[in-house]
Amino acid sequence: MAASGLRLRAEKLFEMLAVLGRLSRCQSTSQAFAEVLRLPKQRLRKLLYPLQEVERYLAPDSRKDLHLRIFNPSPEDIARAESVFTATEHNRIDYVSSAVRIDHAPDLLRPEVCFIGRSNVGKSSLIKALFSLAPDVEVRISKTPGHTKKMNFFKVGKHFTVVDMPGYGYRAPEDFADMVETYLKERSNLKRTFLLVDSVVGIQKTDNIAIEMCEEFALPYVIVLTKIDKSSKGHLLKQVLEIQKFVNTKTQGCFPQLFAVSAVTFSGIHLLRCFIANITGNLYLTN
Ligand code: GDP
């Protein structure tokens, strides 16, 4: 009798410790973002809205064709999106499976977003950065020449699935185009395709092929400029203006607003998380 009472109390104690652990984990995440919000104004803007930060260097009349405020969440909305990307007991963020063929892809239970781009564009680094609040997620990288490249599926709680598509261009397997093309054409729960472009070199020939594919299938897609920490402000502005002009005049399905990220400084990562949470129906903006 006394032993069972003791066991019950011990169980209660373990339960309480687990709850405290979960609470402190939630708190430390929100505390981390609370610290971000305390950054000096200019550093905060650079981190949360990197393109609005460089836009300041343009004369007002050249700003009119940039569409940097179509998706313009408040820092508070961005903070709310962080919880969608935070792994907890109730929000499991995990690698699910890999597939070389669309019929091997997991079920279509949730909305899906996919990331495509040339090899070396910074795709794995970006996906790792997006999942930095889920440290157990392993973003698999298969870069060995000759190895079959696969589509990798990650689930973000019950919210949505993120798909890391094989990189195209240099050393891409011959059947790559078929795999990506079939996925893009047939995946009915695909909500948005994120097409990554290296901000240092801009749109390349192979990027154009991917853009044409998205246009041909009338997919909603978004251009994301990567590695923005590697470019000077002047170079980044030049690339942004060129790519924006291309989007404004030559595309139909591309979201008019460009996104820009650095997996090194984390600039633009929080905004991209917020955008993904929003377009998959997991975050309603308050403003
Ligand atoms: P992937 O082939 O598209 O998956 O590209 P990776 O993520 O493996 O990145 C290719 C190279 O670019 C690696 O050497 C990365 O360290 C580097 N890289 C990726 N993202 C960034 C970034 O935001 N800034 C900088 N400076 N380097 C990056």
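Read the numbers this way: they start at 1 and go in the same order the structure lists the ligands and their atoms. Since the model is a prediction, treat every value here as computed from it, not as a measurement. Index from 1, following the sequence.
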Report task. Would you check if S188 and L108 make a side-chain contact, meaning some heavy-atom pair closer than 4.5 Å? Result -> yes

Report task. Consider every N or O of V261 and every N or O of ligand 1, then say whether any pair is closer than 3.5 Å. Result -> no

Query - Validation row, ring centre F154 to ring centre F85 under 6.0 Å - result: no

Query raised in the report: Which option out of K128, R118, K227 puts a heavy atom nearest to atom 28 (C) of ligand 1?
Result: K227

Query raised in the report: Just heavy atoms, cut-off under 4.0 Å: does K230 contact ligand 1 by side chain, backbone, both, or neither?
Result: side chain

**Report entry** Pair R45 + E53, salt bridge at N-O below 4.0 Å
**Finding:** yes

Report task. For ligand 1, find out whether one of its N or O atoms is nearer than 3.5 Å to an N or O atom of I228. Result -> no

Query - Within-shell test, G117 vs ligand 1, heavy atom, strictly < 4.0 Å - result: no

Report summary line: Counting from 1 in the order shown, the ligand 1 atoms closer than 4.0 Å to a non-hydrogen atom of V264 are 22 (C), 23 (O), 24 (N), 25 (C), 26 (N)

Query raised in the report: Under the 3.5 angstrom rule, does the side chain of N282 hit a backbone N or O of T280 as a donor-acceptor pair?
Result: yes

Query raised in the report: If you measure every N/O of A263 against every N/O of ligand 1, is any gap under 3.5 Å?
Result: yes

Query raised in the report: Minimum heavy-atom separation for P73 to I78, with atom names?
Result: CG-CG1, 3.8 Å

**Report entry** Salt bridge flag under 4.0 Å for residues D65 and K245
**Finding:** no

Query raised in the report: Taking S62 for the side chain and A59 for the main chain, is one N or O donor matched with an acceptor at less than 3.5 Å?
Result: yes

Requested in this report: Provide the number and element of each atom of ligand 1 under 4.0 Å from a heavy atom of S262.
Outcome: 23 (O)

Report task. Counting heavy atoms only, name the option from G122, S119, S199 that's nearest to atom 9 (O) of ligand 1. Result -> G122

Report summary line: The single option from Y183, Y221, F217, F115 that satisfies side chain to side chain contact (heavy atoms under 4.5 Å, CB included) with T193 is Y221

Query raised in the report: Which bit of D229 gets closer than 4.0 Å to ligand 1, counting heavy atoms only: side chain, backbone, both or neither?
Result: side chain

Query raised in the report: Does ligand 1 have an atom under 4.0 Å from some heavy atom of T226?
Result: no

